Amino acid sequence: MYEAKFKGSLKGTLRVPSDKSISHRSIMLGSINEGEVVVKNFLRSKDCLNTLKAFKELGVDIEDDGSFIKIHGRGKFLKEPFDVLDMGNSGTSIRLVSGILAGQPFYSVLTGDKYLRKRPMDRIAVPLRVMGATILGRDNGKYPPLTIVGKNPLNGIDYKSPKASAQVKSCILLAGLFTDEKVKVTEPVKSRDHTERMLKVFGVDVEVDGLSVSLGKNRVLKADIEIDVPADISSAAFFMVAAAIVPGSEIVLKDVILNPTRTGILDVMEKMGVNFEIIDRRVVSGEEVGDIKVFYSSELKATLISGDIIPRLIDEIPIISILATQAEGETVIKNAAELRVKESDRIKSIVFNLKNLGINVEEFDDGFVIRGKSRIAGGKVSSFGDHRIAMSFLIASLISEDSIYIDDIYCIATSYPNFLSDLKLLLR
Ligand code: S3P
């Protein structure tokens with residue numbers, strides 16, 4: 001049980017750790033590339049290190065000198081792994097790597113921790129089977145461990161994805177590198193587009209037409225490049241909200257990714273009356289980046305968060321729920337049923353914890369409503385083994401009357417190993 005009793009306003013400048021989605025993809029695409037890639041500012045969190053380890057086990061020569069990662073790509077075809085690949089807590093690793101393994105003419109098994117083994121894999125298994133791979137898993141192929149017997153070449157696919165999921169889209173695009181046939185994915189709402197962007201940087205022909213993404217003629221990755229990974233807006237979000245709710249705060253978060261598929265939280269902050277500005281917008285390694293300055297904001301108002309914005313802020317909803325407790329009125333979150341199959345059932349985790357702290361909150365199937373301007377009493381909460389739930393409630397302790405006790409905060413290492421020391425650094 002961890003006792004959180006942080007007090008003080010937040011001041012100063014911080015570069016939060018690098019983007020998780022881009023760090024994963026830099027290893028994956030760098031590994032199947034014909035050339036050498038240097039990754040600067042790679043995120044050394046548990047999830048991304050699991051991806052790195054998996055590609056080493058798949059025969060890729062990857063050097064890590066503690067500062068840069070150098071990947072000597074082996075081209076598209078990898079080596080059959082000697083053992084089960086353990087993806088830990090990482091949904092992105094298991095789902096994207098499955099796409100690459102579907103095109104390998106060998107046998108592999110992918111597993112993860114007890115949380116990952118409960119997350120649905122049929123969303124990728126179904127299209128990968130259409131493409132010709134054999135994918136087996138627990139409960140009729142739905143859950144890890146997954147067994148993959150790949151095939152080369154795979155069949156093409158024109159897939160209408162029932163979900164706005166970058167993991168599903170990316171899995172299919174990566175499998176699509178192993179066929180010359182038509183490969184097209186259409187989403188109901190646009191999800192993050194880092195895979196499309198990075199494939200282009202590696203020289204692959206990718207066509208984006210509204211909600212559809214297709215692969216073109218060239219599907220060989222051939223590049224000698226440096227990838228500089230920007231700071232993760234999903235990690236910055238904890239401090240943006242902290243600064244907005246703690247009187248006297250004023251912080252600058254450096255090098256934050258501002259890819260429009262990721263900035264839903266900034267739109268919500270604006271609507272809720274958070275006082276912030278973006279300084280020095282620029283482009284780094286094909287992604288928009290900027291510094292974000294956030295001030296304490298005393299006049300927060302509630303808002304409705306639903307529809308197309310959901311995929312653009314899906315990972316930030318836990319910390320947005322803390323912001324909502326301090327806003328005048330009812331903040332309603334709807335159309336967010338995907339939260340139920342994240343690292344924890346995040347609707348349940350958020351509602352359970354907020355209730356324990358004395359907040360007026362009501363659960364729906366696909367979201368919840370928070371009645372704001374509430375005092376946060378303090379009390380016991382659970383992280384449910386979910387990094388973003390743990391960090392959100394550590395931030396809540398900044399404004400709680402009594403301590404907040406959290407059962408397990410080790411899960412934070414999944415995305416942000418130095419979260420506590422960075423928080424202490426900003427506190428005055
Ligand atoms: C991710 C996509 C999102 C997000 C996850 C990372 C990615 O998941 O929640 O944390 O890197 O592609 P879905 O694509 O399943 O929505």
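We count ligands from 1, going down the list as the structure has it; atoms in each ligand are counted the same way. Worth saying up front: this structure is predicted, and the values here are computed from it rather than measured.
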- Quick one: pull up CG in L339 and CD1 in I317 and give me the separation to the nearest 0.5 Å.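 The CG atom of L339 sits 4.5 Å away from the CD1 atom of I317.
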
- Report yes or no: do N89 and D113 form a side-chain donor-acceptor pair below 3.5 Å?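 N89 vs D113: donor-acceptor pair found between side chains.
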
- Is the shortest side-chain N to carboxylate O distance from R262 to D19 below 4.0 Å?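 Counted as a salt bridge, because a side-chain N and a carboxylate O are separated by less than 4.0 Å.
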
- Quickly, which of N356, N353, D407 forms a side-chain hydrogen bond (donor to acceptor under 3.5 Å, both in side chains) with S382? Name it, please.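 Answer after filtering N356, N353, D407: D407.
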
- List in chain and number order the residues that pass salt bridge (Lys or Arg N to Asp or Glu O under 4.0 Å) with K182, two or more places apart in sequence or in another chain; answer none if no residue qualifies.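 Once residues adjacent in sequence are excluded, the partners of K182 under the salt bridge (Lys or Arg N to Asp or Glu O under 4.0 Å) criterion are D158.
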
- ligand 1: which residues have a non-hydrogen atom closer than 4.0 Å?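 Ligand 1 is contacted, at a heavy-atom distance under 4.0 Å, by S21, R25, T92, S165, A166, Q167, R192, I314, D315, K342.
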
- Message: Taking atom OH as the centre, does Y410 end up with more than 12 heavy-atom neighbours from other residues, nucleotides or ligands that are less than 6.0 angstrom away?
- Response: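 Count not over threshold, so no.
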
